[in-house]
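Right, one structure below, let's go through it.
Keep in mind the model is a prediction, meaning the values are calculated, not measured. So that the names make sense, note that chain A is the first sequence line, chain B the second, and so on, each numbered from 1.
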Amino acid sequence: DAGVIQSPRHEVTEMGQEVTLRCKPISGHNSLFWYRQTMMRGLELLIYFNNNVPIDDSGMPEDRFSAKMPNASFSTLKIQPSEPRDSAVYFCASSLRAGSEQYFGPGTRLTVT
Amino acid sequence: LAKTTQPISMDSYEGQEVNITCSHNNIATNDYITWYQQFPSQGPRFIIQGYKTKVTNEVASLFIPADRKSSTLSLPRVSLSDTAVYYCLVGDSHYQLIWGAGTKLIIKP
């Protein structure tokens with residue numbers, strides 16, 4: 001398996017623009033996670049899905065952030081409108097079942113100017 | 001939810017054993033403990049997971065005392081390539097996940 005796939009790897013955008021990050025989990029994994037990492041705040045869990053259903057989105061910072069998982073092989077994290085403070089590395093991870101180890105993607109480095 | 005606390009940084013030398021401790025005083029009955037390793041510009045990578053006592057795999061050992069209020073990741077005979085950030089994660093099967101702030105481990109020659 002190719003592992004968790006994220007796109008794009010790098011994104012530079014201007015404040016106010018919409019940003020969409022994409023993730024393809026490992027085939028057969030039932031859980032998917034979105035994280036944000038910055039120097040100041042460390043690794044933050046934003047939202048996770050189990051069997052394509054959002055279980056906990058309490059980590060989503062504000063209404064500008066939204067996440068979807070239309071099927072078992074694809075998820076998106078959208079920021080609209082983007083702000084400079086959203087600049088971070090966004091990771092997607094998947095796991096086989098509840099409680100099992102998470103496999104992380106390579107991350108998307110987002111820069112909002 | 002259990003709050004996790006771990007040292008910000010540590011350093012050691014090649015060939016030494018390194019122990020990194022994570023405190024999780026309010027750990028719940030159903031919570032398990034997992035450690036991840038992260039290199040620069042990469043996502044975290046699973047190292048080891050345990051619930052109680054001792055777990056060992058090919059790269060590390062995890063020691064969990066009876067009260068489970070802390071856990072210690074043990075890396076035997078470290079090398080320069082073990083320089084990384086190590087995260088302690090406490091959570092249960094319902095994904096109440098609490099990540100530690102990470103311990104930056106620097107291995108010197």
Under a 4.5 Å heavy-atom cutoff, which of B/A101, B/G100, B/P44 has the most pairs with chain A?
-> B/P44
Got a donor-acceptor contact below 3.5 angstrom from the A/N51 side chain to the A/V53 backbone?
-> no
A/P61 and A/R85, any side-chain heavy atoms less than 4.5 Å apart = no
Please step through side chain to side chain contact (heavy atoms under 4.5 Å, CB included) for the pair B/K108 and B/D11, ending with a clear verdict.
-> CA-CA 7 Å; B/K108 303 174 183 179; B/D11 55 25; 3.3 Å; yes
Using a heavy-atom distance cut-off of less than 4.5 Å, which residues of residues 104-113 of chain A contact chain B?
-> A/F104, A/G105, A/P106
So B/W99 and A/Y35, would you call those rings parallel, tilted or perpendicular, with 30° and 60° as cut-offs?
-> perpendicular
Could you tell me whether the side chain of A/W34 reaches within less than 4.5 Å of the side chain of A/M60, counting heavy atoms only?
-> no
Within a strict 4.5 Å, meaning less than it, do heavy atoms of the B/W35 and B/Q37 side chains meet?
-> no
Okay, A/Q37 and chain B: the region with an atom under 4.5 Å from a heavy atom over there is side chain
Is A/C23 close to A/L77 at the side-chain level, that is, under 4.5 Å between some pair of heavy atoms?
-> no
Main-chain N/O of A/L21 paired to A/E11 side chain as donor or acceptor, under 3.5 Å | no
Test item: B/S9 side-chain N/O and B/K104 main-chain N/O as donor-acceptor pair under 3.5 Å | no
Donor-acceptor contact present, side-chain A/E101 to main-chain B/T34, <3.5 Å | no
Counting a contact as any heavy-atom pair under 4.5 Å apart, which residues of residues 62-80 of chain B contact chain A?
-> none
Does the side chain of A/D86 come within less than 4.5 Å of A/F65's, by heavy atoms?
-> yes
Checking heavy atoms, do the side chain of B/Q42, its backbone, both or neither come under 4.5 Å from chain A?
-> backbone
